[in-house]
Amino acid sequence: MSGLRDSPLAAFTELRFRLTWRRLLGRRGVGELVAKVLGYLLMLPIGAVGAIGIGFGAYSAASGKPGMLPGGRQGDIQVTAMFFGIWQAWTAATLAMQEQESLDLRRYLIYPLRPGMLWLHGQVAGLLGDPLALFWCLLLGGGLAGAAAGRFGAWLLPLALLMVLFGAATAAWLALIQEMGARVLRRAHVKALLFSGFYVAATLVVVLVAGFNKEKPKLQDLVAIFEALQWIGWPGAMAAGAGRRLFRGDLLAALPWMVALAVATALAGWVAFRLALAAARDGGGAGGARVGQGLGGIFGRLWPGPGGALLEREVTFLARHPLPLVLTIILPAVAGLVAWKAQPYIPVEAGEVVRALPIMGVALYVHLATQGFWLNGFGWERGGARLYYLSPLRLEAVLVAKNLSVAALALGIEACSVALMVLAGGWPPAWALAGSLALHLGSAPWFFAVGNAVSILNPRVAPLSLQRSGSLPALSALAGMVTFTGVAALFALPVLLALKLDQGWLLAPAWILLGAAGGLLWWRTLPAAARLLMSRREQLLAAVTGDEA
Amino acid sequence: MLAIETHGLTRLFDGKPAVADLSLAVAEGAFYGFLGPNGAGKSTTMKLLTGLLAPTSGQASVLGHDLSDPKRALQVRRLVGVVPDGLSLFERLTGLEQLRLHGQLYGLPRVEAARRADELLTAMELTDQAGKLIGDYSHGMKKKLALAGALIHGPKLLFLDEPFEGIDAVAVSGIRRMLQQLVQGGQMTIFLTSHVLEVVERLVTHVGIIQRGQLVAQGTLEEVRGAGTLEEVFIRTIGEDVKERRLSWLDEKGAVGA
């Protein structure tokens with residue numbers, strides 16, 4: 001017993017536990033702790049509801065109740081949908097969230113501990129510290145319970161093992177995606193282009209496949225697409241293969257799939273670990289390549305004096321961060337696809353206002369997509385943030401430069417998105433184009449006014465690449481959700497009026513008025529935000545520079 | 001005239017004093033070495049004097065401007081250059097961009113800031129690295145760049161927190177000469193913290209020693225040093241005996257690695 005307690009691994013576990021615990025109980029950790037506890041509390045009822053749904057499908061598949069489709073196809077569909085649904089939701093959620101518990105392997109390589117054990121420890125700790133992991137466990141548990149209710153017997157043991165293997169496989173696959181993403185996106189924008197191209201191509205394939213049949217797609221058509229797509233995350237696809245055979249009662253046929261799943265999981269985990277280790281030993285650096293001047297200089301000349309220098313710095317930073325480039329490629333591409341494939345499904349009799357809603361939606365969505373930059377505006381400053389307090393700057397100018405640079409980025413994405421929507425779906429009425437622009441520009445100051453306060457009150461160091469993609473602390477993300485909902489609701493009021501009167505031209509003037517009010521709010525709150533920035537300098541510097549004074 | 005003057009300057013963290021009742025007097029044109037053991041309050045004092053921290057109580061004035069007056073804050077910052085602990089560099093800028101933008105933030109026209117940036121990069125032997133991102137610089141290169149940034153607007157008072165830490169001996173020698181020339185030419189007052197007492201002793205004209213947040217010695221180098229060396233005075237002043245300390249397990253044969 002004492003051997004285990006004295007082992008280096010036990011010391012490492014204690015070290016990480018203490019670091020996490022102190023971070024959560026520290027000055028800046030309380031908000032995260034509250035968000036985490038709320039996350040667990042929220043996941044229980046939501047997970048229970050999801051588990052009932054999954055359980056019902058598993059019950060139906062296991063009990064072999066007569067379905068709509070012949071030859072056990074109905075059960076296959078339910079099992080595939082269960083594994084595909086959990087796999088894609090797990091993947092999407094994990095890739096979108098910040099991994100606070102993720103292990104920085106570099107810090108621990110100096111100790112005489114096996115790197116593989118450290119990495120595995122990091123993965124397990126990451127799962128335990130993630131409220132969503134509870135949600136996935138509840139879903140899988142629901143599937144197992146439903147299967148037990150449908151057909152109780154010894155086959156539940158391999159099914160339980162399959163569920164555990166599926167969880168491990170998805171976690172290993174995610175680790176592999178993250179390590180590959182980190183490796184690819186750490187380096188240059190060319191790689192970001194590749195990433196975006198892959199994403200857009202995958203979306204295009206889905207849209208094209210779904211769009212072959214002009215009629216309403218049938219359930220089995222969608223499942224066929226899922227069955228093809230699941231091989232993108234190959235370990236999970238093997239789980240579905242084994243699951244289908246287990247639910248049919250063919251244990252022997254399921255065994256090779258389970259063995260393949262175990263091998264695939266181990267392989268995915270091993271490759272992810274090797275990539276993580278190589279990155280850690282590489283120092284995680286970008287190699288010291290020379291970089292070009294970029295757009296910053298052009299913007300810097302537009303505003304004379306220190307303000308221009310601030311704006312140039314902000315634009316240069318955005319131009320060198322891979323996320324703006326990825327957003328500039330992905331959002332317009334998706335908007336174009338929506339205009340091409342989804343918009344024609346809106347019936348003419350729904351009215352012009354309803355038919356123009358996609359182009360309006362894009363105008364607002366761009367702000368949501370770029371929220372990391374306006375809700376955590378100081379997250380990328382590192383030591384540079386000290387310069388704001390050391391140099392003779394008016395802090396209002398710092399905020400204005402940040403807001404203007406993000407506004408320019410968002411406007412660029414909006415313009416590209418609208419252009420592609422017009423190319424793909426044809427010209428909308430002129431009032432719809434004007435409305436989209438008015439909505440985009442008019443809502444921006446509302447977001448930035450709130451974003452400035454959130455950025456100052458809850459700053460957090462954000463990654464300089466897309467790895468571990470999140471750039472927002474939990475509370476800021478929550479504030480962003482509330483802000484976006486509130487602003488969307490406010491700007492939806494004119495839509496209700498326009499729908500009632502079927503007069504789309506009302507939208508642009510109404511949104512210009514709301515935008516003017518937002519602009520006034522933003523302008524009037526700037527001095528207060530600057531004062532807040534000054535009075536919170538110690539907390540902000542401690543948060544973004546790691547300098548605890 | 002005093003370049004820095006504080007009276008009863010105090011800063012508490014969680015009720016505990018990091019700097020307590022500090023009264024400093026740094027004459028204009030002085031090269032002031034601010035010494036103290038680890039955790040004595042040197043960096044906190046520098047942050048208080050540069051506005052990165054707010055004092056809990058007491059007064060501080062820099063170049064004749066009261067730091068508690070927010071209207072004077074911008075004026076003071078224009079006259080001061082700072083190399084803070086942890087530096088103030090943007091990792092996603094190149095060295096050249098950092099210096100030029102730094103200069104512009106201090107009010108220099110773009111062309112003049114670019115000219116001075118080039119000159120400073122040459123002086124710091126960073127010309128070859130000018131086009132690389134700062135995130136890829138070594139620690140010593142970052143230090144030199146931060147020092148260049150602090151000089152670009154021609155400040156009257158320079159705050160340097162451990163400026164020689166992590167810089168090679170050749171570069172230290174060059175920077176030391178540059179700083180001495182600036183002070184001797186009457187262009188600048190320098191307030192410096194450092195643990196390298198030999199370097200401090202060769203550089204400074206005045207010394208202050210802080211321990212547990214309180215100033216325990218202050219004066220010209222000669223007054224503080226007396227007949228001994230600065231290291232002897234430093235150790236004597238902070239009350240630490242230089243005892244020979246041995247580690248029990250390293251005395252035993254074959255103990256290494258056990």
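Values below: every heavy atom of this structure, side chains too, minus hydrogens, waters and symmetry copies. Naming: A, B, ... by sequence-line order, numbering from 1 per chain. Only a predicted model underlies this, so the values are computations on that prediction, with no experimental measurement involved.
Atom CD of Glu119(B) is surrounded by 12 or fewer heavy atoms from other residues, nucleotides or ligands within 6.0 Å.
Counting heavy atoms from C-beta on, the side chains of Glu312(A) and Arg110(B) come closer than 4.5 Å. The shortest side-chain heavy-atom distance between Tyr389(A) and Leu53(B) does not fall under the 4.5 Å cut-off. For the pair Leu387(A) and Gln98(B), the minimum side-chain heavy-atom distance is below 4.5 Å. A heavy-atom distance below 4.5 Å is found between the side chains of Phe90(B) and Arg313(A). Using a 4.5 Å heavy-atom threshold, the side chains of Arg320(A) and Leu133(B) count as touching.
Atom CG of Leu105(B) sits about 5.0 Å away from atom CG of Leu393(A), to the nearest 0.5 Å. One distance of note links CG of Leu101(B) with OG1 of Thr316(A); it measures 6.5 Å at 0.5 Å rounding. From His153(B), atom NE2 reaches atom OG of Ser391(A) across 9.0 Å, with rounding to the nearest 0.5 Å. Rounding to the nearest 0.5 angstrom, the gap separating the CH2 atom in Trp380(A) from the CD atom in Glu91(B) is 14.0 Å. Here the OG1 atom belonging to Thr545(A) is positioned 12.0 Å from the CG atom belonging to Leu89(B), to the nearest 0.5 angstrom.
Interface summary for chain B: among Pro392(A), Ser535(A), Ala385(A), the most heavy-atom pairs under 4.5 angstrom belong to Pro392(A).
No part of Ala397(A) comes within reach of chain B, as not one of its non-hydrogen atoms sits under 4.5 angstrom from that chain. Proximity to chain A (any heavy atom under 4.5 Å) is shown, for Ser43(B), by neither the backbone nor the side chain.
Across Ser88(B) and Arg386(A), no two heavy atoms sit closer than the pair CB-CB, 3.7 Å.
Panel note: side chain Glu538(A), backbone Leu52(B); no donor-acceptor pair is recorded below 3.5 Å.
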